**Q** 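A single structure is presented below for examination.
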Amino acid sequence: MPQTGLPGGNPAGSAAAGGGGVDGRASRWQSHREERRRELIKSARRAVHALGSDASMEDIAAAAGTSKSVFYRYFGDKAGLQQAVGEVVLSQMQRRIQEAAQSAQTPREGLFAMVSAYLQMAETSPNVYTFVTRYTPGEADATTGTIATAGALGHFFAAISDMIARPMRSHLGDSAGREAVIGYWPNAAIGLVRNAGEQWLASPASPAKPDQEAMARQITDWLCLGIAPELRTAPVPEQPARSSAGTDSAGPDQPGFVEPRRHHQHDATTDLSEPEKETT
């Protein structure tokens with residue numbers, strides 16, 4: 001029998017059952033949207049890999065077999081698509097680099113393993129790598145000139161910096177200058193690896209271009225030794241002979257001596273807060 005006191009005479013459990021039905025439909029719809037979003041990200045990666053990092057939303061949608069409006073519905077604009085693809089791609093790169101670093105026995109081996117994994121992943125698809133790490137100007141739907149995947153990139157590079165710092169912290173112990181090295185060097189290392197790696201990726205194939213392993217070893221050497229070995233082996237240019245009577249050897253009390261111009265300390269730097277003085 002219907003229970004009294006309930007509108008329409010519905011049993012007490014019917015309202016709860018109805019609410020559960022609504023929740024169930026919402027959950028299924030959310031799962032469908034998430035699955036569709038993952039499919040679109042995969043399609044976008046394949047399209048960018050084939051078409052290039054500057055592929056438009058229309059080109060990407062056509063390659064995915066759908067309309068541009070579908071991508072706008074799920075990602076907002078191209079920056080949103082770059083962000084979504086970047087989160088997936090950079091997360092995969094981070095896991096691969098972490099796995100490579102875990103097998104290393106020394107900090108230098110760890111650096112080589114991470115650099116090598118980074119270059120290997122980027123080389124599998126330079127187009128996709130560029131798509132998720134660089135802002136492409138000229139898009140009608142772009143509103144800013146910032147890197148679209150700044151959030152994903154920031155998280156990625158922070159994680160890599162921590163991977164570099166951890167073995168160094170253990171290796172350096174309580175040595176003097178430890179905190180300065182750990183505080184600055186990992187981020188500086190990332191800058192070197194990224195810039196050298198991206199230049200290597202963009203360079204056309206030629207006999208002079210090193211392969212991936214050789215490039216990884218070269219970058220690791222730069223990180224650990226800088227260019228000190230090259231400077232030590234470089235030939236020293238011959239110095240021209242100086243005349244005993246010339247101004248080069250003249251002292252303050254000798255003929256031909258020219259008093260060097262003295263500069264005020266302020267002259268050495270340009271004060272950006274002050275406009276330049278006009279000269280007449």
Side-chain angles (χ1 to χ4, degrees), residues 86 89-130 132-134 147 149-150 152-240 268-269:
V89 171
L90 295 173
S91 178
Q92 291 177 343
M93 291 186 71
Q94 181 179 329
R95 287 196 301 271
R96 176 67 186 89
I97 292 171
Q98 188 170 14
E99 291 168 0
Q102 287 173 346
S103 61
Q105 300 298 314
T106 66
R108 182 164 181 165
E109 287 180 10
L111 286 173
F112 172 72
M114 287 189 284
V115 172
S116 185
Y118 167 77
L119 293 179
Q120 286 173 0
M121 289 287 288
E123 191 180 24
T124 59
S125 181
N127 288 339
V128 172
Y129 173 84
T130 302
V132 302
T133 57
R134 289 185 185 171
I147 296 176
T149 51
L153 274 177
H155 178 77
F156 172 71
F157 287 127
I160 302 304
S161 177
D162 186 61
M163 287 184 211
I164 295 172
R166 264 183 275 135
M168 291 184 66
R169 187 176 285 108
S170 175
H171 181 74
L172 294 173
D174 296 326
S175 62
R178 169 178 177 268
E179 291 307 317
V181 172
I182 295 172
Y184 291 97
W185 192 85
N187 289 327
I190 288 173
L192 189 154
V193 173
R194 183 181 178 187
N195 282 282
E198 290 180 358
Q199 182 175 342
W200 173 76
L201 278 176
S203 299
S206 71
K209 182 178 181 178
D211 60 24
Q212 180 271 316
E213 182 179 355
M215 191 66 209
R217 292 195 180 280
Q218 180 63 80
I219 292 176
T220 304
D221 287 345
W222 286 333
L223 290 173
C224 297
L225 305 173
I227 59 171
E230 286 78 7
L231 293 176
R232 284 197 298 268
T233 58
V236 179
E238 294 184 3
Q239 297 293 329
T269 57

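All of these numbers come straight from a predicted model, not from anything done at the bench.
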**Q** If you measure from OG1 on T124 to CD on Q92, what distance do you get to the nearest 0.5 Å?
**A**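 Between T124 OG1 and Q92 CD, I get 9.0 Å after rounding to 0.5 Å.
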
**Q** Nearest 0.5 Å please: distance from the CG atom of N127 over to the CG atom of L201.
**A**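 N127 atom CG to L201 atom CG measures 10.5 Å (nearest 0.5 Å).
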
**Q** Would you sort out whether V132 and L153 count as a side-chain contact (heavy atoms from CB on, under 4.5 Å), showing the intermediate values?
**A** CA-CA 8 Å; V132 302; L153 274 177; over 6 Å; no

**Q** Assess whether salt bridge (Lys or Arg N to Asp or Glu O under 4.0 Å) is satisfied between D221 and R217, documenting all intermediate values.
**A** CA-CA 6 Å; D221 287 345; R217 292 195 180 280; over 6 Å; no

**Q** If every non-hydrogen atom of M93 is compared with every non-hydrogen atom of Y118, which pair is closest and at what distance?
**A**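 Nearest heavy atoms, M93 then Y118: CE-CD1, 3.6 Å.
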
**Q** Would you please test T133 and R194 for side-chain contact (heavy atoms from CB on, under 4.5 Å) and show each step?
**A** CA-CA 10 Å; T133 57; R194 183 181 178 187; 3.8 Å; yes

**Q** May I ask you to decide if P126's main-chain N or O and T130's side chain share a donor-acceptor pair within less than 3.5 Å?
**A**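 Yes; at least one donor-acceptor contact below 3.5 Å.
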
**Q** Just by modelled atom types, is the N195 backbone N or O under 3.5 Å from a matching donor or acceptor in the Q199 side chain?
**A**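 Not a single qualifying donor-acceptor pair exists.
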
**Q** Nearest 0.5 Å please: distance from the CZ atom of F157 over to the CD1 atom of I164.
**A**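 Reported value, rounded in 0.5 Å steps: 10.5 Å.
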
**Q** Keeping W200 on the side-chain end and P210 on the backbone end, is there a donor-acceptor pair under 3.5 Å?
**A**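 Yes.
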
**Q** Roughly how far, to the nearest 0.5 Å, is the CD1 atom of I182 from the CG atom of N187?
**A**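 With rounding to 0.5 Å, CG (N187) is 12.5 Å from CD1 (I182).
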
**Q** For L90 versus F156, what's the shortest heavy-atom pair and its separation?
**A**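 Nearest heavy atoms, L90 then F156: O-CD1, 3.5 Å.
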
**Q** Testing the basics here: between M114 and M163, what is the closest heavy-atom pair and its distance to 0.1 Å?
**A**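 In this case the closest contact between M114 and M163 is SD-CB, 3.9 Å.
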
**Q** Which atoms form the tightest heavy-atom contact between K209 and S203, and what is the distance?
**A**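 Shortest heavy-atom contact: NZ-O, 2.7 Å.
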
**Q** Does the S103 side chain pair with the main chain of A100, one donor and one acceptor, at a distance under 3.5 Å?
**A**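 Indeed, once roles are kept as given, a pair shorter than 3.5 Å links the two residues.
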
**Q** Mind checking the CZ-CD1 spacing from R232 to I227? Nearest 0.5 Å is all I need.
**A**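 R232 CZ to I227 CD1: 11.0 Å, rounded to 0.5 Å.
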
**Q** Out of curiosity, W185 CH2 to S161 OG, how far, rounded to the nearest 0.5 Å?
**A**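 Interatomic distance, W185 CH2 to S161 OG, rounded to 0.5 Å: 10.0 Å.
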
**Q** So, Y129 and E198: side-chain donor and acceptor under 3.5 Å apart, yes or no?
**A**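 Yes.
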
**Q** Kindly determine whether S116 and E213 satisfy side chain to side chain donor-acceptor pair (under 3.5 Å), including the steps that lead there.
**A** CA-CA 7 Å; S116 185; E213 182 179 355; over 6 Å; no

